[in-house]
Engineer: 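Have a look at this one before I ask anything.
Computation of the quantities below employed the complete heavy-atom set of this structure, encompassing side-chain atoms and omitting hydrogens, waters and symmetry-equivalent molecules.
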Amino acid sequence: MNNVELPKRIGTNRQIQWHSDLAAEMLRRLNIPYIAMNPGASYRGFQDSLVNYLGNRNPQMLVCLHEDHVVSIAHGYAKVTGKPMACVLHSNVGLMHGLMGIFNAWCDRMPMIVIGATGPVEFEKRRPWIDWIHTCKDQGALLRNFTKWDDEPRSAQGIIQSFLRGAHMATDAPTAPIYICLDAGLQEQPLADDAIELPDPQKYRAALPPSANEYDAAQVAGRVAGAKHPVFLFGRGSREPSAWDRRIQLAELVSASVFTSQRERAAFPTEHGLHVGGPIDQLTTEAKQAIIQADVIVSFDWVDLNGLIQEVTLNTARLSATIVHASLDLALHNGWSLDHFGLPPVDVQIKADPDIFVHQLLNALVPSLVDRSRWDGKPRVPKQPLRYSARSEEELANSDIEMALAEIRGSQKFTLAHLPLSWVGTGYHYRDPLDFLGHDGGAGLAAGPGITVGAALAMKETGRPVISVLGDGDFLQGTTALWTASHYKIPALFIVANNRSNFNDEIHQNVMASFRRRPRENNWIGQRLTDPELDLVGLAKAQGVEGEGPVKTKSELLPAIRRGLAALEDGRPYFIDVQVRPPALTEAASYARVGR
C-alpha cells in the first residue's frame, strides 16, 4: 500500500519488552493485516508497540478522523474477506463513538477484533482529572449486548489468552465482533525477565462450521426431491465461488424458484432464470404467489424469515408448504437486541452452516437425480428491460444511477460496497459473490463511506473497481472517512444520490399526517437540506478526494462515472455528487417500512 508511515531507527532485533509489545505481537501472529485507529492516550503504550516494536507492519495502522470510521472500515474489510481486521478505540469516550459501527457489524454477523483501552486500573497510576474520567470499571458492559465476547486481561498470560480466544470467537460460526480492553497501566509495565513462551495460533483456530445430521439432511433432500414447487431463500452466504456455484447447481437440479434479499450480500445470480424478480426489498405480486404455491420452502439463513412469511400472509395456515430453516444464528440471540426478529414457524429446524447444508443436500440428491435436472431453462418471470426514467435528460431519478452503472459495467466486474434504500435491483444484476456486499447491518447512518473504504482496502490489489452509491445523509455523517482513502491511496468510487433531504423521514411524516388527518404538505419541514444547499464535492475535496458535480442529467452522469473509474485505475479515490429528484410519495411508500 502507498503512504505507509515507516518508523526510523528501530533496528532489526527488536525484543518484546513491554506488555503492550505482547499485545501487538499477538496481532501479528494472528495474521491481522491492518488496524484502524484514531489516536488516544489510553493506548499510547500499545501504539508505541505497533510503531517501534512491529515497525507499523503486519498489522499496519490506518489513521482515521473519527471512531465511526475506525469500526466501519474494519467492517467493510470483513464483508469482502470474511476475515477479521483489527480496530482500536480510545478509552470509554472513543468506544462510545464507535458503538454504532460495532452494532452494525454485529447485525451483519461480521468478524472483527475491537481493541479498547481504559485509564490505569491501579489508583496510584492515574494522572489527575483526565485518567479518572477515562477510566471505568467494566467497559465491556457498554457493548456486551452486541458483541460475541469481551475481556480485560490483567497479566502477560492474560493478554496472550485474550487475543487467542478473541480471534477464535470472532471467526467461529456464526461470526461477530469481539472486544478486548487493555488497561493503560498494564500496557506500560515492563515484562518480567523470564521469557514469555508464545503459543502457535494454528492450534487455536476456530472449528469448521457445523453440518446437519445425516438424518435431517436425508429427510430434507427427500422432501425437496419430491416437491413440485420448491422455493429456496438464500440469505447469508459465504463469498466462496465454489459455494456460489453449488447454490446454482442445487437450484437447477430441483428447479427451485429462488429469492435473495436486497438487504443481504449477493448470494445467487439475479439474472438467472430461476431467480424470481430482483432481490427482495418489498415482495412483488409474483413473488408472493410463488411462495403461496410452494410445497417446500428452504431458508438458507434467510434474515427475518418470520417477517417474510408475514408479508405473504398473516395467517400462516394459508401456507401449505413444509418450511425448513437452516441457520446458526440462534447462537447469538439475546434479550437486549431484537435483531433476532420474530420466531418463524418452521417444520424442520437445521442447526448448520447454510452453505455446508447446500453441499449436503447436493450430495444426497445427486445419486437419485443425476443427469435429470428438472429445470427446463425457462425463466420464472420475464426479464425487465434496461430503462432510464422518462425525463432522465432533464432530471435524474434514483434508478438512473443503477441503469448507468449497469450500462457502463457491461461484462466487467464491479463490487458494490453499499447501496441506498432507493436501489431497485432489477436493472443491475449480481453475477458473482463480490458483486454486492450487502446492507450495513444495523441501519446506522455514517457507515457507508467507511465500509466502502474497508472494502476497497481488501480489494486493492485485485484491480476490481469498488463503488458505493450513498444517500446524502449517510455521506454527510461519514464524510471524513474519505480522508483515509485519500491518505492511503485506496481507490474507491463514491457516488451520492443527493435528494437534498432526509427524505425517508418526509415519508414517515406523510404517513403520520395522513393517519392523523393533518396537512401532508408540511412533511418537508425539519427534513430538507437546502438554503443553502451543501457543497458535497467541496466536502470530498477537503478530504483530498477529487470529485465533480452536481451531476443533473444522464448525459452528464455517464461520462462522470467513466472519469471516476479512470481515477480508480490510476489508484485514486473519486467522488460524484448526483442530484436526484425524490420519488413521488406513491413510489416511495416502501421506504418508511425499511428505513430509519
Side-chain angles (χ1 to χ4, degrees), residues 262-263 270-271 277-287 381-410 412 414 416 418-430 435-436 448 467-475 493-507 510 520 523-524 527-530 533-534 536-537 547-565 575-595:
Q262 186 59 35
R263 296 170 211 155
T270 56
E271 56 192 347
I280 291 176
D281 179 14
Q282 184 179 8
L283 281 175
T284 63
T285 302
E286 294 88 353
V381 294
K383 288 186 178 180
Q384 297 188 24
L386 186 70
R387 286 201 185 105
Y388 289 90
S389 63
R391 300 178 62 240
S392 60
E393 286 297 0
E394 300 170 41
E395 61 175 355
L396 292 167
N398 282 290
S399 60
D400 291 325
I401 301 175
E402 180 179 346
M403 299 302 109
L405 285 171
E407 179 180 340
I408 290 171
R409 176 182 62 162
Q412 300 177 77
F414 292 168
L416 299 181
H418 194 271
L419 294 174
L421 295 174
S422 56
W423 191 264
V424 179
T426 54
Y428 189 104
H429 289 286
Y430 306 145
D435 270 8
F436 175 48
I467 303 167
S468 272
V469 183
L470 307 164
D472 46 349
D474 191 32
F475 168 71
L493 178 56
F494 303 86
I495 301 173
V496 171
N498 180 11
N499 59 24
R500 302 164 303 287
S501 172
N502 293 292
F503 183 70
N504 193 57
D505 286 288
E506 287 195 39
I507 298 165
N510 194 69
R520 291 189 297 175
N523 65 354
W524 65 274
Q527 317 295 353
R528 297 284 168 88
L529 304 176
T530 56
E533 290 192 4
L534 287 147
L536 302 190
V537 176
E548 61 181 284
V551 170
K552 298 182 178 181
T553 66
K554 173 189 169 185
S555 296
E556 297 171 344
L557 178 60
L558 290 165
I561 293 174
R562 291 190 176 99
R563 283 189 290 272
L565 293 171
F575 176 86
I576 306 172
D577 173 11
V578 181
Q579 280 199 1
V580 295
R581 62 170 175 80
L585 289 173
T586 51
E587 296 176 64
S590 64
Y591 274 32
R593 300 172 60 255
V594 300

Engineer: If I compare all heavy atoms of Gly427 with all of Met403, which pair ends up nearest, and what's the gap?
Structural biologist: CA-CE, 3.4 Å
Engineer: When you measure from the side chain of Gln412 to the backbone of Ile408, do you find a donor-acceptor pair of N or O atoms at a distance under 3.5 Å?
Structural biologist: yes
Engineer: Are any of the side-chain heavy atoms of Asp281 and Arg263 separated by less than 4.5 Å?
Structural biologist: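 Side chain of Asp281 against side chain of Arg263, heavy atoms only: contact under 4.5 Å found.
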Engineer: At their closest point, which heavy atom of Ser392 faces which heavy atom of Asp400, and how far apart are they?
Structural biologist: CB-OD2, 3.6 Å
Engineer: Show, in sequence, the C-alpha distance, side-chain angles and deciding distance for Asp435 and Thr270, and conclude whether the side-chain contact (heavy atoms from CB on, under 4.5 Å) test is met.
Structural biologist: CA-CA 11 Å; Asp435 270 8; Thr270 56; over 6 Å; no
Engineer: Between the side chain of Arg500 and the main-chain N/O of Asn498, is any donor-acceptor distance below 3.5 Å?
Structural biologist: yes
Engineer: Thr553 and Glu393: which non-hydrogen atoms are nearest, and at how many Å?
Structural biologist: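 Where Thr553 meets Glu393 most closely, the heavy atoms are CG2-O, 3.3 Å.
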Engineer: Atom CD1 in Ile576, atom CZ in Phe494: separation rounded to 0.5 Å?
Structural biologist: 11.5 Å
Engineer: What closest approach, in Å, do Ile401 and Ala497 show between heavy atoms, and which atom pair accounts for it?
Structural biologist: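 Looking at all heavy atoms of both residues, the shortest contact is CD1-CB, 3.8 Å.
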Engineer: Would you name the heavy atoms of Lys554 and Leu396 that are closest together and state the gap between them?
Structural biologist: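 Lys554 and Leu396 have their closest heavy atoms at N-CD2, 3.5 Å.
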Engineer: Please examine the side chains of Phe575 and Val496, heavy atoms only from C-beta on, and report whether any two atoms are closer than 4.5 Å.
Structural biologist: yes
Engineer: Roughly how far, to the nearest 0.5 Å, is the OG1 atom of Thr426 from the CD atom of Glu402?
Structural biologist: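 Result: 5.5 Å between the selected atoms.
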Engineer: Please round to the nearest 0.5 Å and tell me the distance separating atom CD of Glu548 and atom CG of Leu536.
Structural biologist: 13.5 Å
Engineer: Side chains of Thr284 and Val381, heavy atoms from C-beta outward: is any pair under 4.5 Å?
Structural biologist: no
Engineer: So, Tyr428 versus Phe436, ring centres under 6.0 angstrom or not?
Structural biologist: no
Engineer: Does atom CZ of Arg387 have more than 12 heavy-atom neighbours from other groups under 6.0 Å away?
Structural biologist: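 Atom CZ in Arg387 is not packed in, count stays at 12 or less.
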Engineer: CG of Asn499 to CZ of Arg528: how many Å apart, nearest 0.5 Å?
Structural biologist: 9.0 Å
Engineer: Measuring from Leu565:CG to Arg409:CZ, what's the distance to the nearest 0.5 Å?
Structural biologist: 12.0 Å
Engineer: For a quick test of reading the model, state the closest non-hydrogen atom pair linking Tyr430 to Pro279 and the distance between them.
Structural biologist: CE1-CG, 3.7 Å
Engineer: Drop me the distance from Trp423's CH2 to His418's NE2, to the nearest 0.5 angstrom.
Structural biologist: 12.5 Å
